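The block underneath contains the structure these notes are about, expressed in structure tokens.
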Protein chains: 2
Amino acid sequence: MNDPALTASSHRRIRQSNEVAALRALHQFGRLSRAELARKLRLNRSSSGHIIASLTADGLVREAIEDSPEQPGYARVGRPGIMLELVPDAIFFLGVEIGVEHISTVEIDLGTNIVSTNVEPFDGPSISVEAAVDRAVNMALQSIPASKLERCEGFGVSTPAQMDKHGLVRLAPLLGWRNVHLAELVRNALPLRVPVLAENDANAFAIGATYGRSEVHSGVTLFLVMESGIGGGIIIDGSLFRGANGLAGEIGHLIISDAPGPRRNLEQLIGLENIMGEYRKTSTLDHPTFGNFLADVQDRLPSAVSIAEQWAKALAMGLVQACRIIDADQIVLGGSVAALYPLMAARVAAHIHATQESSFPVPSITVNDEGTVGSAFGAACMLHQRYLSLESQRFAGEAAELEEPEEDEG
Amino acid sequence: MNDPALTASSHRRIRQSNEVAALRALHQFGRLSRAELARKLRLNRSSSGHIIASLTADGLVREAIEDSPEQPGYARVGRPGIMLELVPDAIFFLGVEIGVEHISTVEIDLGTNIVSTNVEPFDGPSISVEAAVDRAVNMALQSIPASKLERCEGFGVSTPAQMDKHGLVRLAPLLGWRNVHLAELVRNALPLRVPVLAENDANAFAIGATYGRSEVHSGVTLFLVMESGIGGGIIIDGSLFRGANGLAGEIGHLIISDAPGPRRNLEQLIGLENIMGEYRKTSTLDHPTFGNFLADVQDRLPSAVSIAEQWAKALAMGLVQACRIIDADQIVLGGSVAALYPLMAARVAAHIHATQESSFPVPSITVNDEGTVGSAFGAACMLHQRYLSLESQRFAGEAAELEEPEEDEG
DNA sequence: GGTGTTTGTAGTTTAATGCAACATATTAAC
DNA sequence: GTTAATATGTTGCATTAAACTACAAACACC
């Protein structure tokens, strides 16, 4: 009932908030001295020292061994600071992606470095939620020695589903799930008591691709994951915009009716299925792959180029429509189909210019080539992000006493 | 260069933040006792007392005279609290809308009550920016006695233009402006040194329509202002989402190509011009008005109903497309054309259901009927909002010493 | 080697919240 | 009508964490 924005700060909260800010700064900038940290946080040098002392005592921060390659450029005058860094293996986070055809798991450390990954084929539609969760949890934990387990500080799940922010899945058409509390199931399946979050796979992908970059892009980034389906995620000023039902950015269902034929949505126009369907009609190969198609486009084979041209046009149309609503200044393409974009960038740009009114700014478009674990990595990052925030369970002692009953007055 | 999110809290900041939180709580809930406030802010009763004491000393808060109509419902036991309230006329804010055909001004007080308004016809396209600003400033100030002037704490401007968050106008096609620093011009034209903000008119309208409601809607609201042009604003969890260039929600430029004929955008399909253009073709009147059209629709005159039907279809299409991207759960229609919606609500709903896949949630649609000063009111609210925040100039003593030069390390 | 500059630390001060106790105002109960 | 119960507002004191001041240490430059 209380607005979180209204909550006041007590003394402990200040310290917590400052410790969190220090951890975030160290994560973002890599290495900082106490004095540099103090400047970034607008704190007094001595306060910075105190905060670092308590973080060091907790084992989260340490003084870096002096192997830093003597940062080039201008020489600094005065006593050099002692560089501080996060202790990467102080804690770790796990992320899993329960996909339609595979399950991926990722372990990341406090520095959001990928420690290990694991991908296994999986037949999503034929397996129950409970079994899928069991499988995913086991995969994620199998390589972790028991002694290390207690240093786990969070478990994230991503899956192609509409879900609310509490991890309650409304619908997962590709997996046949409906109204299952995924986060709850994972919590129960885990042999540990750690924070658990669940998120749509495209949203998780978007988080993973933007999280931990030293420059937080302050603007609007539209993230597109193009495989058979077209997923999308929106990042505003560095943090995920879920929308009212976690469906924000689901651009695949935009209706693009400029195309000839019956009304089709963007997914049906630029997804892998459509490309390969068209390509099979013209290819001379028995079992043409997307790689063959790319090669043909590169070789300027007219039939392939024509398919690619239709793709570029539909993509441009979709992006323009999306930008009219969210006014993105940055678009990042991911997924296997994104490999087509570099070949067609000029055509896409031409279609964008032709489609939208000239007074509108044109967003930058880039291709992101994470591996197949991007979504699982993003799920793990969500928990890293949470750990480096005031909702962190480091401060559970305070947070636990929330939710006391309270009467409202008319 | 510093992330604001990273900035640490010092002692003064705590008090500031708590005073701000107290003011916001009083604004949101109207009247609270010290003890109620303490609960809302999760503070100790005594701390709440201290904060109120200092706000009272500043003249911003007072104990309410006991004319409260004895709140009904359950009787409370124990000593009743002394109700506190904002002092409405402690300070005031001004908002102006520089429109294409009129200039509106609004004065609001600390309780966001409208104290006075003023609307004058205006021929935007034929007047220079400087002259328009002068005119607007003079209109806003004319009714304010000099003695009261120093209690002004902010001046907001709204205008149909693309502008960044600093009030730099990129383009205002309807007014013929390009690359003018509107906020700067207003600052210079004002005889006072007060915070000045400029915002797109649709965005300002959206702020005005949602600000100060006691229940902050935590979700996504899409706001449509339908006149000749179609403006739009998006409110996320109670605060405006501008997009990268302040163009978020400019849904009027969505391309709706399902409609017969050449490719047209939403504005051309559901704007006043199109409706009246079509209506004139069929109406028997010499100078038919929009009111005539509404009456004809209400009377089920086939020619008018057919126009309205096309309108409903295009509107539904636009809303569905927008919701695929921002996942709004609430849509608010404003502007004169919104009066058509109640007559066509069922048709719009039918088209929405026909257009979008059944698995997607359907947003609620409501009509907002603010007067013509909605946008100017919103501009004033922006400054009220700013005053009740940590960026407030009440704390300028601290904020002034920001922006010291700082070197980055590679 | 001296000077100047920046860093890290220790001791002291300041400010704001938390806590506990108490007077006060009202309802409920006898 | 008196007493008990309950919640409010206030007061003095304790606690906490950051700011401030001063100083020794480490390095660059002359």
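Keep in mind that what you see is a predicted model, and the values were worked out from it rather than measured. Letters A, B, ... are given to chains in the order of the sequence lines, protein chains preceding strands, and every chain is numbered from 1.
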request  = Considering just the side-chain nitrogens and oxygens of B:Ser47, establish if one lies under 4.0 Å of OP1 or OP2 belonging to C:dA16.
outcome  = no

inquiry  = Is it true that, when you exclude B:Lys165 itself, more than 12 heavy atoms of the residues, nucleotides or ligands shown sit nearer than 6.0 Å to its NZ?
reply    = no

remark   = Between CD of A:Glu63 and C1' of C:dG8 the distance, given in whole Å, is 10 Å

ask   = Nearest nucleotide by nearest heavy atom, which residue falls closer to the 5' end of DNA chain D, A:Arg79 or B:Ala35?
value = B:Ala35

ask   = Rounded to the nearest Å, what distance is computed from the CD atom of residue A:Gln16 to the P atom of nucleotide D:dT16?
value = 13 Å

Integer-rounded Å distance: C:dG8 P and A:Glu36 CD = 8 Å

inquiry  = Angle between ring planes, B:His27 versus B:His384, binned at 30° and 60°: parallel, tilted or perpendicular?
reply    = tilted

ask   = Please give, in whole Å, the distance from D:dG12 P to B:Arg45 CZ?
value = 17 Å

remark   = Rounded to whole Å, CD1 of A:Ile52 lies from P of D:dA18 at a distance of 12 Å

ask   = Should A:Asn18 be listed as having a side-chain N or O under 4.0 Å from OP1 or OP2 of D:dA17?
value = no

inquiry  = Please give me the minimum heavy-atom distance between A:Tyr211 and A:Gln385, naming the atom from each residue.
reply    = OH-CA, 3.2 Å

key: Nearest-angstrom distance from the residue atom CG of A:Leu32 to P of C:dG8   = 11 Å

task = Check step by step if side-chain contact (heavy atoms from CB on, under 4.5 Å) holds for B:Val61 and B:Leu23.
result = CA-CA 8 Å; B:Val61 171; B:Leu23 288 176; 4.0 Å; yes

Note: A:Lys40-A:Glu36 ion pair, threshold 4.0 Å (strictly below) = no

key: Interatomic distance, B:Ile51 CD1 vs C:dG18 P [rounded to whole Å]   = 8 Å

request  = Give a yes/no on whether any side-chain N or O of B:Arg39 is located under 4.0 angstrom from OP1 or OP2 of D:dT8.
outcome  = yes

task = Give a yes/no on whether any side-chain N or O of B:Arg15 is located under 4.0 angstrom from OP1 or OP2 of C:dA15.
result = no

task = Indicate, with a heavy-atom threshold strictly under 4.0 Å, whether B:Ser48 touches base, sugar-phosphate, or nothing.
result = nothing

message = Without decimals, in angstroms, what is the distance between B:Ile82 CD1 and D:dT10 C1'?
response = 10 Å

ask   = Considering heavy-atom distances to DNA chain C, does A:His50 or A:Gly78 have its closest nucleotide positioned more toward the 5' end?
value = A:Gly78

message = Judged by each residue's nearest nucleotide on DNA chain D, which is more toward the 5′ side, A:Pro80 or A:Ser46?
response = A:Ser46

